[in-house]
Each structure stands twice: as C-alpha cells, then as structure tokens.
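Here's the structure we're looking at; comments come further down.
Residue numbers start at 1 and run along the sequence shown.
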Amino acid sequence: MEVKLWNDKREREMYENFAELFAIIKATEKLEKAYVRDIISPAEYETDCQKLIAHFKTLSSTLKEIVPSIERFHDTYKLDCPAALNRLVTSGVPATVEHRATVAMSSTTSAAIVAECVQNFITAMDSLKLNMVAVDQVHPLLSDLSASLNKLSILPPDFEGKTKMREWIARLSKMGAADELTEQQARQLHFDLESSYNSFMAALPTAGT
C-alpha cells in the first residue's frame, strides 16, 4: 500500500521545503567542520558559506509562518548541528568575515587608544610649559595618561611610562590640592613625560609589522 506524505500540492511543497531546510543545516554543519579542520581553504569556505546563508535566509523567510523557530525545527528532527545553528541563526555571516571584523575592530580600538595616549602626553607636557603646576591641575592629567596607557595591551606592565606615572601620582597624592610643584619638580616631571613619550612612540609597531 502506497503511503502519501501529502494530500495536496501545498503540503507537498511544504515537505519539500522542510527537506531543503534540513539539507542546508546539515551541509552548513559539514562545511563548518571542514573549515575548522583546514580541509578546505578560507576562500572556498567563504564562497560556499555565503551561498548556504543566502539560501537559508530565503527559505526561512518563506517558511516563517510554518517554522517560526529554526531551533525548534532543529530539535524536532534531531539534527545535532550546533555549528550550523550558530552560523545560520546566531552569526549570519561566514567565520572568515567574523574574524576580519574582529581584527578590524581590534585595530580601530588600538588606534583610538594610541591617539588618546598621545593627546594625554601632549596635554600634560603643555600644561607644565604653561606653568600649571598645582597638584589639583597636574594630578588629573597624569591620572588620565596613566589610565590610557594601561588600556593599551601592547605595552608591558613595567613600561617606563606606566611606572613613572604611578610614581608621580603616588607622590602627588601625599601633597595638598593647592600645593605646587617646585621648579625642579616641574622640570623633572616634564623630563619624565618627554622620556616616556619617546619610549611610547618607539614601542608602537610600525606599519609593516
């Protein structure tokens, strides 16, 4: 006796779409594993992954009323494809694109922190030149500089600028807000700032590295 899976054309189309969705999820899982194991090149992976994601988006949009939850569909049919779910549902872009975005974001963030450090160095040195030597004027500038240097992961903990700023901040903390640096102290601080700034610039990676 022949068993029919559908009663009309609409049901038949639904089951065909289910089968295609099932196949896309399975294919994506295999592709993710192949990429992680270096079985295919990043370029091949990205091209194939983009195609699967595009098909998935089109199909899931078509099926959104019948399949409101892809996760439930995945569990109902016992697919066991966590990598595919992550790629198709959570991420929506190939892993290679994700990695490039992360690197770009990291580079952009680092560039912004470097700019912040440079600005804080220059502000502190200029303030001393303008004879702004009261503790309540100098302390915030050195605190800002120290905080920005600590944000930059490429600098080691014992970096000259970090240790010298910590020493100066500790020294200023023992003084009153209205106290002023002597001419000798101001000259020494400016020298330490200039020396630390030069070390900072030397520690930055060049464009080719």
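- Using a 4.5 Å cut-off between side-chain heavy atoms of Ile, Leu, Val, Met, Phe, Trp and Tyr, with links allowed through other members, L88 and V36 fall into different hydrophobic clusters.
- Applying the salt bridge (Lys or Arg N to Asp or Glu O under 4.0 Å) rule to K33 yields the partners E29; only residues at least two apart in sequence or on another chain are considered.
- No donor-acceptor distance shorter than 3.5 angstrom exists from the side chain of R87 to the backbone of T28, with no hydrogens or angles considered.
- Listed for the Q185 side chain is a donor-acceptor partner under 3.5 Å among the backbone atoms of T182.
- Looking at residues two or more places apart in sequence or on another chain, you find no side-chain contact (heavy atoms from CB on, under 4.5 Å) involving S61.
- Closest approach of C81 and H74 over heavy atoms only: N-NE2, 2.8 Å.
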Original post:
Under the side-chain contact (heavy atoms from CB on, under 4.5 Å) criterion, do T90 and L85 qualify, and how do the steps go?
Top reply: CA-CA 7 Å; T90 308; L85 272 187; 5.9 Å; no
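- Considering all non-hydrogen atoms of both residues, I169 and S146 come closest at CD1-CB, 3.8 Å.
- Taking the ring-ring contact (aromatic ring centres under 6.0 Å, His included) definition, one finds that Y77 meets it with F73, sequence neighbours left out.
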What side-chain donor-acceptor pairs closer than 3.5 Å can you find for residues 120-136, not counting sequence neighbours?
| from | atom 1 | to | atom 2 | distance (Å) |
| --- | --- | --- | --- | --- |
| N120 | ND2 | E116 | O | 3.3 |
| N120 | ND2 | D144 | O | 3.4 |
| N120 | ND2 | S148 | OG | 3.2 |
| T123 | OG1 | Q119 | O | 2.7 |
| T123 | OG1 | Q119 | NE2 | 3.3 |
| S127 | OG | T123 | O | 2.7 |

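- A salt bridge links R12 to E16: at least one charged side-chain nitrogen sits closer than 4.0 Å to a carboxylate oxygen.
- Residues F200 and L152 come closest through the heavy atom pair CE1-CD2, 3.6 Å.
- For S41, the side chain to side chain donor-acceptor pair (under 3.5 Å) partners are E44, not counting sequence neighbours.
- Closest approach of I25 and A84 over heavy atoms only: O-CB, 3.3 Å.
- The salt bridge (charged side-chain N to carboxylate O under 4.0 Å, His left out) contacts involving residues 52-80 comprise nothing, where partners must be two or more places apart or lie in separate chains.
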Original post:
Can you list the steps and then say if L181 with V138 is a side-chain contact (heavy atoms from CB on, under 4.5 Å)?
Top reply: CA-CA 9 Å; L181 298 177; V138 179; 4.2 Å; yes
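- Sorted pairs that involve residues 137-194 and meet ring pair (Phe, Tyr, Trp, His ring centres under 6.0 Å), not counting sequence neighbours, are lacking altogether.
- With sequence neighbours excluded, no residue forms a side-chain contact (heavy atoms from CB on, under 4.5 Å) with A23.
- Partners of T96 according to the side chain to side chain donor-acceptor pair (under 3.5 Å) rule, which considers only residues two or more places apart in sequence or in another chain, are E46.
- Using a 4.5 Å cut-off on side-chain heavy atoms (C-beta onward), I40 and L31 make contact.
- With a 6.0 Å radius and a threshold of 12 heavy atoms from other residues, nucleotides or ligands, E13 has its CD atom at or below the threshold.
- Residue pairs meeting the ring pair (Phe, Tyr, Trp, His ring centres under 6.0 Å) criterion with at least one partner in residues 28-52, sequence neighbours excluded, are Y35-Y45.
- For the atom pair S199 OG and M201 CE, the distance stands at 11.5 Å (nearest 0.5 Å).
- Cluster membership check: M165 does not share its hydrophobic cluster with L141, using side-chain heavy-atom separations under 4.5 Å among Ile, Leu, Val, Met, Phe, Trp and Tyr.
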Original post:
Could you go step by step and tell me if L189 and L142 meet the side-chain contact (heavy atoms from CB on, under 4.5 Å) rule?
Top reply: CA-CA 10 Å; L189 175 55; L142 298 189; 4.1 Å; yes
**OP:** Take C117 and K151 through the test side-chain contact (heavy atoms from CB on, under 4.5 Å) and record every step on the way to the result.
**Re:** CA-CA 9 Å; C117 290; K151 284 187 211 169; over 6 Å; no
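- Within the structure, salt bridge (charged side-chain N to carboxylate O under 4.0 Å, His left out) contacts touching residues 152-180 (residues at least two apart or in different chains) are E160-K164, K164-D192.
- Listed here is the closest heavy atom pair of L59 and L21: CD2-N, 3.4 Å.
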